[in-house]
Amino acid sequence: MSWAFLRDLLSGVNKYSTGIGRIWIAVVFMFRLLVYVAAAENIWKHEHDEFECNIKQPGCENVCFDHFFPVSHIRLWALQLIMVSTPSLLVVFHVAYRENREKHHNQKLYKNPGKIDGGLLCTYLISLILKTGLEIVFLVLFYKLYNGFKIPRLVKCDIKPCPNIVDCYISKPTEKMIFLYFLVATSCLCIILNLSELSYLIFKYSIKCYLKRHVKKQQ
């Protein structure tokens, strides 16, 4: 899979982000995307072929694998990366709308089309809420699908067509466990950064509104 589109998206969003937003982009790009491409993808590359059960009953191994891994960890991680980055497009589109509006009217309508204020501030806040919500949804999904954030070395399966309780072994469980913890940790860090940026922008806007009202009263 080519991740150039996601890299370009993050680069474009970086121009319109706050300091905390740029840290979020760095975490997503360096500690999530690069780790996924460079290492994690290869670890789960042959997970089905390396899943072994102590029986040769046709179909047993396949149904057991599907039961314990209804969705591949790595594919779910890829989907999470795409989904949590997509709300940033709202900001890019809004800035593009401002620039096109200026071209259409052939005059300067904004001091800076990329400045986070007015309608763009609302769009930015919505994108932060969506990113935070999606991160939480995917963490809950991971937890529910795999009964916790763990990779067992041995799983016992008694699903038909298996004739009895079968022992199945997962390849490289320790290595996979480390990357799963890393995934959860970086996801939690991104949630903290999103909430921090959300709080910072709301606080900054509230202070700005308060000062404007105070100045008007003084006048």
>> Counting C-beta onward and ignoring hydrogens, is there a side-chain heavy-atom pair between Leu201 and Leu128 closer than 4.5 Å?
In response: yes
> Which heavy atom of Ile151 sits nearest a heavy atom of Met177, and at what distance?
Replying inline: N-CE, 3.0 Å
>> What I'd like to find out is whether the side chain of Ile159 reaches to under 4.5 Å of the side chain of Asp66, using heavy atoms alone.
In response: no
>> Would a single hydrophobic cluster contain both Ile202 and Tyr205, if residues Ile, Leu, Val, Met, Phe, Trp and Tyr are joined by side-chain heavy-atom contacts under 4.5 Å?
In response: yes
>> Can you confirm whether Leu139 sits close enough to Cys188 that some side-chain heavy atom of one is under 4.5 Å from a side-chain heavy atom of the other?
In response: yes
> Out of curiosity, Thr186 OG1 to Leu33 CG, how far, rounded to the nearest 0.5 Å?
Replying inline: 11.5 Å
> Between NE2 of His73 and CD of Gln80, what distance do you get to the nearest 0.5 Å?
Replying inline: 12.0 Å
>> I'd like to know whether CZ of Arg75 has more than 12 heavy-atom contacts from other residues, nucleotides or ligands below 6.0 angstrom.
In response: no
> Got Lys156 and Asp167 here, is their nearest side-chain heavy-atom distance under 4.5 Å?
Replying inline: yes
>> Evaluate Phe179 against Lys176 for side chain to side chain contact (heavy atoms under 4.5 Å, CB included), listing each step before the verdict.
In response: CA-CA 5 Å; Phe179 275 95; Lys176 288 178 179 177; 5.9 Å; no
> So do the side chains of Val35 and Phe182 get within less than 4.5 Å of each other, counting heavy atoms only?
Replying inline: yes
>> Minimum heavy-atom separation for Glu47 and Phe65, please, with both atom names.
In response: O-CE1, 3.7 Å
>> Restricting to non-hydrogen atoms, name the atom on Glu61 and the atom on Cys53 that form the minimum distance, rounded to 0.1 Å.
In response: OE1-N, 3.3 Å
> Looking at side-chain heavy atoms only, is the closest gap between Val84 and Cys190 below 4.5 Å?
Replying inline: no
> Of the non-hydrogen atoms in Pro152 and Ile170, which two are nearest, and what is the gap between them?
Replying inline: O-CD1, 3.2 Å
> Other hydrophobic cluster members with Leu130, side-chain heavy atoms of Ile/Leu/Val/Met/Phe/Trp/Tyr under 4.5 Å, chained?
Replying inline: Leu90, Ile126
> Can you tell me if Ser187 uses its side chain to pair, donor with acceptor, with the backbone of Leu183 under 3.5 Å?
Replying inline: no
>> Is it the case that atom CD1 in Ile165 sees more than 12 heavy atoms from other parts of the structure closer than 6.0 Å?
In response: no
> Would you say Ile129 and Val140 are hydrophobically clustered, going by side-chain heavy atoms of ILVMFWY under 4.5 Å?
Replying inline: yes
> Taking the side chain from Ser127 and the backbone from Tyr124, do they hold a donor-acceptor pair closer than 3.5 Å?
Replying inline: yes
> Would Ile136 end up clustered with Trp24 when hydrophobic side chains under 4.5 Å apart are linked, directly or stepwise?
Replying inline: yes
> Closest approach of Ile191 and Thr132, non-hydrogen atoms and distance?
Replying inline: CG2-CG2, 4.1 Å
>> Once you measure the plane-to-plane angle for Phe69 and Tyr146, does it fall in the parallel (<30°), tilted (30-60°) or perpendicular (>60°) bin?
In response: tilted
> Are Arg32 and Glu135 ion-paired here, with the side-chain N under 4.0 Å from a carboxylate O?
Replying inline: yes
>> side chain to side chain contact (heavy atoms under 4.5 Å, CB included), that's the test. Do Phe51 and Val155 meet it? Break it down for me.
In response: CA-CA 10 Å; Phe51 183 82; Val155 291; 4.2 Å; yes
>> I'd like to check the disulfide (SG to SG under 2.5 Å) partners of Cys60; sequence neighbours left out, ordered by chain and number.
In response: Cys162
> Should we say atom OH of Tyr200 is surrounded by more than 12 heavy atoms from elsewhere, each under 6.0 Å from it?
Replying inline: no
> Just wondering, do Leu180 and Lys150 contact through their side chains at under 4.5 Å, heavy atoms?
Replying inline: no
> Once you round to the nearest 0.5 Å, how far does CG of Leu154 lie from CG of Asn54?
Replying inline: 8.5 Å
>> With a 4.5 Å cut-off on side-chain heavy-atom distances among I, L, V, M, F, W and Y, is there a chain of contacts connecting Phe29 to Ile192?
In response: no
>> side chain to side chain contact (heavy atoms under 4.5 Å, CB included), that's the test. Do Leu76 and Leu145 meet it? Break it down for me.
In response: CA-CA 11 Å; Leu76 198 57; Leu145 281 175; 3.9 Å; yes
>> If hydrophobic clusters are built by linking Ile, Leu, Val, Met, Phe, Trp and Tyr wherever their side-chain heavy atoms come under 4.5 Å apart, do Tyr97 and Leu120 end up in the same one?
In response: no
> If you take all heavy atoms of Phe68 and Cys157, which pair is closest and at what distance?
Replying inline: CE1-CB, 3.9 Å
> Could you give the distance from CG (Leu134) to CD1 (Ile82), rounded to the nearest 0.5 Å?
Replying inline: 12.0 Å
>> Using side chain to side chain contact (heavy atoms under 4.5 Å, CB included), reason through Val137 and Met83 one step at a time and then give a plain yes or no.
In response: CA-CA 11 Å; Val137 166; Met83 293 300 292; over 6 Å; no
